[in-house]
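Both ligands and their constituent atoms are indexed starting at 1 by order of listing.
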Amino acid sequence: MPRFFDDSFSEANPYLSDENARHIGFSLRMRKGEAVTVCAQGIDYQCEIDCISQDTITLHILETAPCAAEPSISVTLYQALPKADKLEQIVQKSIELGVTAIVPVLTRRCVARLTPAEFEKKRSRYEKIARAAAMQSGRGCIPAIGSLCTLEQAAKQMKDAQTAVVLYETEGGVSFSAVSADASSYAVMVGSEGGFDPEEIAVLKDQGVIPVWLGKRILRCETAPLAALSVLMHRTGNL
Ligand code: SAM
């Protein structure tokens with residue numbers, strides 16, 4: 001059943017407009033009586049089409065339930081900017097795995113170096129990938145793509161999470177499997193192809209971010225976030 005995202009949708013506002021309306025009316029050529037699912041703020045609305053006009057679809061809500069595909073925990077991924085199209089892969093696959101938000105971070109060893117304004121020019125591409133991945137994986141919302149920030153800014157934001165970790169491949173850190181599964185919110189920072197400077201790890205530790213280890217193999221910057229998300233989702237009963 002086709003899924004559409006619109007956080008303004010509700011019993012009081014059972015309408016879809018703009019891109020959703022055009023997709024239903026023109027691309028999919030759907031008809032009155034056909035079924036659609038509307039996802040709004042983590043709630044799935046099972047609906048039937050009542051009326052299709054040029055720019056608005058009026059829906060009749062049949063059933064409402066929390067989206068079963070939404071994880072019970074929130075995980076924000078702070079990803080140091082990788083090269084080429086790797087961030088697109090990370091956005092797509094981390095959303096399939098249940099990530100709540102993805103925040104790009106410019107660290108010292110990032111080969112790809114963008115200003116926040118240059119990143120904003122790429123945002124619509126990432127948001128399009130996020131929407132498609134959320135739709136394909138049956139998510140109840142579209143995970144947010146944050147603004148490009150510095151490591152220091154990210155470290156401050158990570159304090160909002162109950163558990164904040166940085167994936168650090170240098171032995172001696174806490175094993176990731178020792179990270180508590182009891183928190184309801186997590187922040188996970190991952191380095192770029194070049195990893196982190198020790199001084200950056202010191203800045204993160206000063207802000208209470210715990211360096212954690214994923215074992216002896218060195219994972220690529222596009223593999224590590226997926227491994228960490230998979231472990232977290234599994235240990236919290238969400239995978
Ligand atoms: N120092 C790495 C190297 O020698 O290739 C470069 C960084 S690695 C390609 C990219 C990022 O993935 C790291 O910054 C870290 O965040 C994460 N990572 C990779 N393997 C890891 C491991 N075994 N334990 C913890 N984090 C790891």
Tell me if the CZ atom of R220 is crowded by more than 12 foreign heavy atoms within 6.0 Å.
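Incorrect, the count does not exceed 12.
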Can you tell me if NZ on K122 sees more than 12 non-hydrogen neighbours from other groups inside 6.0 Å?
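Atom NZ in K122 is not packed in, count stays at 12 or less.
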Check ligand 1 for N or O atoms under 3.5 Å from a protein N or O and list each pair with its distance.
unit_1: ligand 1; atom_1: 1 (N); unit_2: E169; atom_2: OE2; d: 2.4
unit_1: ligand 1; atom_1: 14 (O); unit_2: G191; atom_2: N; d: 3.4
unit_1: ligand 1; atom_1: 16 (O); unit_2: L167; atom_2: O; d: 2.6
unit_1: ligand 1; atom_1: 16 (O); unit_2: G191; atom_2: N; d: 2.9
unit_1: ligand 1; atom_1: 20 (N); unit_2: L219; atom_2: N; d: 2.9
unit_1: ligand 1; atom_1: 23 (N); unit_2: G215; atom_2: O; d: 2.9
unit_1: ligand 1; atom_1: 23 (N); unit_2: R217; atom_2: O; d: 2.7
unit_1: ligand 1; atom_1: 24 (N); unit_2: L214; atom_2: N; d: 2.8
unit_1: ligand 1; atom_1: 26 (N); unit_2: Y168; atom_2: N; d: 3.4

Shortest non-hydrogen separation from V188 to A228 and the atoms involved
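Answer, listing the atom of V188 first, then A228: CG1-CB, 4.3 Å.
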Does anything in residues 138-152 form a side chain to side chain donor-acceptor pair (under 3.5 Å)? List the pairs, not counting sequence neighbours.
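Every pair satisfying side chain to side chain donor-acceptor pair (under 3.5 Å) with a residue in residues 138-152: E70-R139, T150-Q153.
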Pick one: which of L97, N238, L232 meets side chain to side chain contact (heavy atoms under 4.5 Å, CB included) with V75?
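Only match with V75 under side chain to side chain contact (heavy atoms under 4.5 Å, CB included): L232.
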Just say parallel, tilted or perpendicular for the rings of H23 and F4, cut-offs at 30° and 60°.
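H23 vs F4 ring planes: perpendicular.
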